[in-house]
S.K.: 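Encoded as structure tokens, here's the structure I'll be asking about.
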Protein chains: 2
Amino acid sequence: MRSPAELTQAFRQTGLKVTPQRQLLFGLLHGNTSHPSADVLFALASEAMPGISLRTVYQTLNDLAAMGELQSIDFGTGSARFDPNVTDHQHAVCNECDAVHDVRVSRAPKMSGLEGFDIHDAHIVYRGICADCAS
Amino acid sequence: MRSPAELTQAFRQTGLKVTPQRQLLFGLLHGNTSHPSADVLFALASEAMPGISLRTVYQTLNDLAAMGELQSIDFGTGSARFDPNVTDHQHAVCNECDAVHDVRVSRAPKMSGLEGFDIHDAHIVYRGICADCAS
DNA sequence: CTGCTAATTAGCAATTGATGCGAATTGCGT
DNA sequence: ACGCAATTCGCATCAATTGCTAATTAGCAG
Ligand SMILES: [Mn+2]
Ligand SMILES: [Mn+2]
Ligand SMILES: [Zn+2]
Ligand SMILES: [Zn+2]
């Protein structure tokens with residue numbers, strides 16, 4: 001995801017308005033590696049801007065995802081997780097606390113056994129217990 | 001997943017009853033490689049046994065999953081998919097029709113960049129367009 | 001600066017997949 | 001055949017997310 005300043009330009013150029021709510025979310029998401037859910041972002045946003053609507057959070061997240069600025073990922077943890085890191089990487093998910101960590105993998109593994117399946121991308125999810133929960 | 005006959009024994013030994021509804025689902029699931037959703041199984045079951053409840057389908061699927069006879073997998077396609085194949089394998093999911101295919105992968109890829117994360121397992125999901133949808 | 005207008009906000013209803021609950025039913029060991 | 005615990009199944013409920021829309025507002029033109 002680009003910086004709040006760059007996003008401001010990009011939004012205006014697309015005919016989208018840059019509201020205080022959106023600016024707040026730009027800031028909360030930029031460089032965020034915690035893979036937050038909409039709920040978590042709503043809680044964070046509410047601290048800085050009491051009264052902001054969960055609906056607006058969803059709206060802005062969807063807008064950013066549609067623009068390719070972030071990815072929405074479903075790890076089966078109950079709610080979608082949002083990742084401003086759109087570079088190629090993989091994830092490790094804790095079975096206990098649902099924390100999501102970025103993982104660098106050497107290369108994409110090969111697939112065999114399917115004829116005629118046109119692969120667009122491969123996603124690897126490592127599941128286990130994170131360092132925090134291990135104690 | 002074991003055969004309906006073996007499951008019948010296993011259920012009785014655990015104190016669980018073998019009802020016609022469960023027998024039907026044993027049969028629908030055994031050797032099934034289509035990774036059906038609860039909805040799909042309910043539709044199939046309803047043909048053979050009109051009046052069967054979706055609730056019962058969920059119940060039995062959860063029982064089987066708890067016994068390790070099948071796995072419930074969330075591919076983010078809207079509903080959980082059930083897989084009676086509990087051997088180590090991976091999946092390819094079609095972006096267009098949500099079909100799920102089994103894939104054999106040489107071996108699990110290595111992970112790096114995380115200290116203290118105890119990996120239990122790794123799941124790979126290939127996404128793209130299946131042979132049927134390519135036409 | 002002022003006004004216009006299309007985009008946005010935010011509250012609430014609706015949707016979807018799945019589970020909780022409980023009265024009526026039924027498998028199955030004795 | 002009996003008895004009782006397990007099961008069924010309809011309905012209410014839940015959680016995450018989206019649809020809808022009246023009121024508000026950003027941003028541009030004059
Ligand atoms: Mn990430
Ligand atoms: Mn499978
Ligand atoms: Zn953890
Ligand atoms: Zn397809």
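Residue numbering restarts at 1 for every chain, and letters A, B, ... go by the order of the sequence lines.
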S.K.: Tell me: CZ of B:F26 to C1' of D:dT7, nearest whole Å?
M.R.: 13 Å

S.K.: Please report the interatomic distance OH(B:Y58) to CZ(B:R55), rounded to the nearest 0.5 Å.
M.R.: 9.5 Å

S.K.: Could you tell me the separation between the CG atom of A:L54 and the C1' atom of C:dA10, rounded to a whole number of Å?
M.R.: 10 Å

S.K.: Counting side-chain heavy atoms from C-beta on, which of D:dT17, C:dA18, C:dC21 comes nearest to B:R55?
M.R.: C:dC21

S.K.: Nearest whole angstrom, please: distance from the C1' of C:dT19 to the CG of B:L61.
M.R.: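 From B:L61 CG to C:dT19 C1': 14 Å.
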
S.K.: Of all heavy-atom pairs between A:A122 and A:Q90, which one has the smallest distance, and what is that distance?
M.R.: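 Reported closest heavy-atom pair: O-NE2, 3.7 Å.
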
S.K.: Closest approach to the side chain of B:R22, judged atom by atom: which nucleotide of C:dT19, D:dT7, D:dC9 is it?
M.R.: D:dT7

S.K.: Closer than 4.0 Å, any side-chain N/O of A:Y58 to the OP1 or OP2 of D:dT17?
M.R.: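 Yes, such a contact exists.
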
S.K.: Checking contacts here: which listed nucleotide (C:dT9, D:dT8, D:dT17) is nearest the side-chain heavy atoms of A:T56?
M.R.: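 Output: C:dT9.
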
S.K.: What is the distance, to the nearest angstrom, from the CD atom on A:Q23 to the C1' atom on D:dG27?
M.R.: 13 Å

S.K.: Rounding to an integer number of Å, can you tell me how far A:L25 CG sits from C:dA10 P?
M.R.: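 Atom-to-atom, A:L25 to C:dA10, this comes out as 10 Å.
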
S.K.: State, yes or no, whether a side-chain contact exists between B:R127 and B:F75 at a heavy-atom distance under 4.5 Å.
M.R.: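 A side-chain contact under 4.5 Å exists here.
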
S.K.: Out of curiosity, B:F11 CZ to B:R2 CZ, how far, rounded to the nearest 0.5 Å?
M.R.: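 Interatomic distance, B:F11 CZ to B:R2 CZ, rounded to 0.5 Å: 9.5 Å.
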
S.K.: Rounded to the nearest Å, what distance is computed from the CG atom of residue A:D98 to the P atom of nucleotide D:dA16?
M.R.: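 It works out to 11 Å between those atoms.
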
S.K.: Only one of A:L29, A:N85, A:D83 forms a side chain to side chain contact (heavy atoms under 4.5 Å, CB included) with A:L70, so which one is it?
M.R.: A:L29

S.K.: Angle between the end axes of the helix from C:dC1-D:dG30 to C:dT30-D:dA1, five pairs per end, to the nearest 10 degrees?
M.R.: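 So the angle between the two local helix axes works out to 30°.
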
S.K.: Please compare B:F82 and A:T60 by the position of their nearest nucleotide in DNA chain C and report the one closer to 5'.
M.R.: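 Nearest nucleotide further toward 5': that of A:T60.
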
S.K.: Can you tell me if CG on B:D121 sees more than 12 non-hydrogen neighbours from other groups inside 6.0 Å?
M.R.: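 Count over threshold, so yes.
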
S.K.: Taking CZ from B:F75 and P from C:dG17, how many angstroms apart are they, rounded to a whole number?
M.R.: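 That distance rounds to 17 Å.
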
S.K.: Apply side chain to side chain donor-acceptor pair (under 3.5 Å) to the pair A:S34 and A:N32, showing each step before the final yes or no.
M.R.: CA-CA 6 Å; A:S34 71; A:N32 189 326; 2.7 Å; yes

S.K.: Side chain of A:Q21: nearest nucleotide among C:dT9, D:dT17, C:dT19?
M.R.: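 Output: C:dT9.
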
S.K.: Check this for me: B:D132, atom CG, are more than 12 non-hydrogen atoms of other residues, nucleotides or ligands nearer than 6.0 Å?
M.R.: no

S.K.: Report all interatomic pairs (protein N or O, nucleotide N or O of nucleotides 21-24 of chain D) with separations under 3.5 Å.
M.R.:
none

S.K.: Is there a side-chain contact between A:R22 and A:D63, using heavy atoms and a 4.5 Å cut-off?
M.R.: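 Yes; the side chains approach each other to less than 4.5 Å.
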
S.K.: In the structure I gave you, are the side-chain heavy atoms of A:H30 and A:P84 within less than 4.5 Å of one another anywhere?
M.R.: no

S.K.: Going from OG on B:S46 to CG on B:L24, what distance comes out if it is rounded to the nearest 0.5 angstrom?
M.R.: 9.0 Å

S.K.: Do the side chains of B:L7 and B:P4 get nearer than 4.5 Å, heavy atoms only?
M.R.: no

S.K.: Could you state the CG-P distance from B:L24 to D:dT8, rounded to the nearest angstrom?
M.R.: 11 Å

S.K.: By the 4.0 Å heavy-atom rule, please label B:D39 as base, sugar-phosphate, or nothing.
M.R.: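 If one applies the 4.0 Å heavy-atom cut-off, B:D39 turns out to touch nothing in the nucleic acid.
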
S.K.: Got a list of protein N/O to nucleotides 27-30 of chain C N/O distances below 3.5 Å?
M.R.:
{"from": "C:dG27", "atom 1": "N3", "to": "B:K17", "atom 2": "NZ", "distance (Å)": "3.1"}
{"from": "C:dC28", "atom 1": "OP1", "to": "B:R12", "atom 2": "NE", "distance (Å)": "2.8"}
{"from": "C:dC28", "atom 1": "OP1", "to": "B:V18", "atom 2": "N", "distance (Å)": "2.7"}
{"from": "C:dC28", "atom 1": "OP2", "to": "B:R12", "atom 2": "NH2", "distance (Å)": "3.0"}

